[in-house]
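We number each residue from 1, following the sequence as shown. Small disclaimer: the values here were computed from a predicted structure and weren't measured.
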Amino acid sequence: MYRFSHQAAEQLGLPVHRVCDGRTPFELFRDVRFLGNNRIAPCSRLLKQIPARRWLENAIGDPANAVLYVGIDHAEEHRTASITRGWTPWRVQYPMCDKPHLTKEEMLDWAISLGLRPPALYYPPYSLPHANCGGFCVRAGIRQWRHMLTVDPHGFARVEAEEEELRAELGDVAILRDRRGGYSRPLPLAQLRQREAA
Ligand code: SF4
């Protein structure tokens, strides 16, 4: 993703301003004593939205001098109203919602035709719909975590170890939940891995 954004910025003749808190999502979870999951992900708010807004206020100042382009495409257009509200008073546009409505594959092919190399996570063996956090997003569902266990077992082991460290500190918490049998309970990654191996 970092390579792709630098390559794209170079084509546009623009610098990349990297807004960075400095912590990984797990370092943040430890600090706020809460493990992110697909219902509540403090990493998204504290590592992305708040630092980005702070940067805009400091570096740009007046919202009249900027337009924010958010990478939501027409398949997720229903999310735009709340995102626009959340960024008030900054103006937000969603060029990927404009017509003609291209599929993700068509957009990636277009990028390639311009000489760009899209992030590897969009392609086999990963074939993910989003290229963020190396495929190990706390908002992803069990199906994606199972897939990541197959295609990136070392990455899975790293996140599993981080989850175990937090469980030792916070108790029976987990990124995933097991909802089989009509009950909802934490499903640690270690348990998911053991279940897949059985
Ligand atoms: S991609 Fe997922 S895990 Fe990574 S910061 Fe965003 S919400 Fe958190």
Item to check | Listed partners of His17 passing ring-ring contact (aromatic ring centres under 6.0 Å, His included), at least two apart | outcome: Trp55
Checklist entry - Looking at Tyr183, does the NZ or CZ of Arg177 lie under 6.0 angstrom from its six-membered ring centre and within 45 degrees of the ring axis? => result no
Item to check | Parallel, tilted or perpendicular: ring planes of Phe136 versus Phe156, cut at 30 and 60 degrees | outcome: perpendicular
Item to check | Greater than 12 external heavy atoms within 6.0 Å of Arg39's CZ | outcome: yes
Item to check | Any residue meeting side-chain hydrogen bond (donor to acceptor under 3.5 Å, both in side chains) with Glu165, in chain and number order, not counting sequence neighbours | outcome: Arg30
Checklist outcome for this item: Applying ring-ring contact (aromatic ring centres under 6.0 Å, His included) to Tyr126 and not counting sequence neighbours gives none
Checklist entry - Looking at residues at least two apart in the chain, or sitting in another chain, which of them share a side-chain hydrogen bond (donor to acceptor under 3.5 Å, both in side chains) with Ser5? => result none
Item to check | Main-chain N/O of Glu196 paired to Arg146 side chain as donor or acceptor, under 3.5 Å | outcome: no
Checklist entry - Which residues pass the salt bridge (Lys or Arg N to Asp or Glu O under 4.0 Å) test with Asp172, sequence neighbours left out? => result Arg167
Next on the checklist: Quick check: do Glu162 and Arg158 have side-chain heavy atoms less than 4.5 Å from each other?
Outcome noted: yes
Next on the checklist: Using salt bridge (Lys or Arg N to Asp or Glu O under 4.0 Å), reason through Arg54 and Glu57 one step at a time and then give a plain yes or no.
Outcome noted: CA-CA 5 Å; Arg54 201 174 294 137; Glu57 288 164 358; over 6 Å; no
Checklist entry - With the threshold set at 4.0 Å, does a side-chain nitrogen-carboxylate oxygen contact exist between Lys104 and Asp109? => result no
Next on the checklist: List the residues meeting ring-ring contact (aromatic ring centres under 6.0 Å, His included) with His74, not counting sequence neighbours, and say none if there are none.
Outcome noted: His101
Next on the checklist: To the nearest 0.5 Å, what is the distance between CE on Met96 and CD1 on Ile72?
Outcome noted: 7.5 Å
